[in-house]
Amino acid sequence: MARGNQELSRGADVALLVLISLAEGQKHGYRMIGDIEEFSGTSLEPGTLYGTLMRLAEDGLIEAVQSVERHRPYRITEAGRDALREQLDLLRRIERAGVDRVALKPA
């Protein structure tokens, strides 16, 4: 991967990555970290993830699930699914504009 691509990957919106991970089903933090790294190539530190989980929960986009194990799982809420759909629609529009503009300008 080129250096610029690594920087873009590191700058990925953590909240979006968490919502994508939880859209598949409920997960605890360490499982999310592994899932996010697998599908996006982005490595998250636990502190980054847990700060994001707190913000998403405060915003009503995810919620903690009662667990009998020591790991606390989270799940996406309907508001979170709606927010994820909106973000993915926006990213598709951005991608189309980028692809169109790159095609217009010779290197």
Interatomic distance, OG1@T52 vs CE@M32, rounded to 0.5 Å, equals 10.0 Å

Using salt bridge (charged side-chain N to carboxylate O under 4.0 Å, His left out) as the criterion, list what pairs up with E37, not counting sequence neighbours.
none

Of all heavy-atom pairs between L61 and A83, which one has the smallest distance, and what is that distance?
CD2-CB, 4.1 Å

Euclidean distance, D89 CG relative to I94 CD1, rounded to 0.5 Å
11.0 Å

Test of understanding: clusters of I, L, V, M, F, W, Y form through side-chain heavy atoms closer than 4.5 Å, transitively. Do L56 and L91 belong to the same one?
yes

When you measure from the side chain of T77 to the backbone N and O of G60, does any donor-acceptor pair fall under 3.5 Å?
yes

Considering only heavy atoms from C-beta outward, does the side chain of L88 approach that of R92 to under 4.5 Å?
yes

ILVMFWY network linking V65 to L53, side-chain heavy atoms under 4.5 angstrom:
no

Can you give the donor-acceptor pairs under 3.5 Å from side chains of residues 14-29 to other protein atoms, not counting sequence neighbours?
| from | atom 1 | to | atom 2 | distance (Å) |
| --- | --- | --- | --- | --- |
| S21 | OG | D35 | OD2 | 2.7 |
| E24 | OE1 | K27 | NZ | 3.1 |
| K27 | NZ | S21 | O | 2.5 |
| H28 | ND1 | Y30 | N | 3.4 |
| H28 | ND1 | R31 | N | 3.3 |

What one should report as the nearest heavy-atom pair of I36 and L44 is CD1-CD1, 3.7 Å

Approximate separation, where rounding is to 0.5 Å, of D82 CG and E78 CD:
6.5 Å

Test salt bridge (charged side-chain N to carboxylate O under 4.0 Å, His left out) applied to R75 - qualifying residues, sequence neighbours left out:
E63

Other residues, nucleotides, ligands: >12 heavy atoms within 6.0 Å of R81 CZ
yes

Cluster link I33 to F39, ILVMFWY, side chain under 4.5 Å:
yes

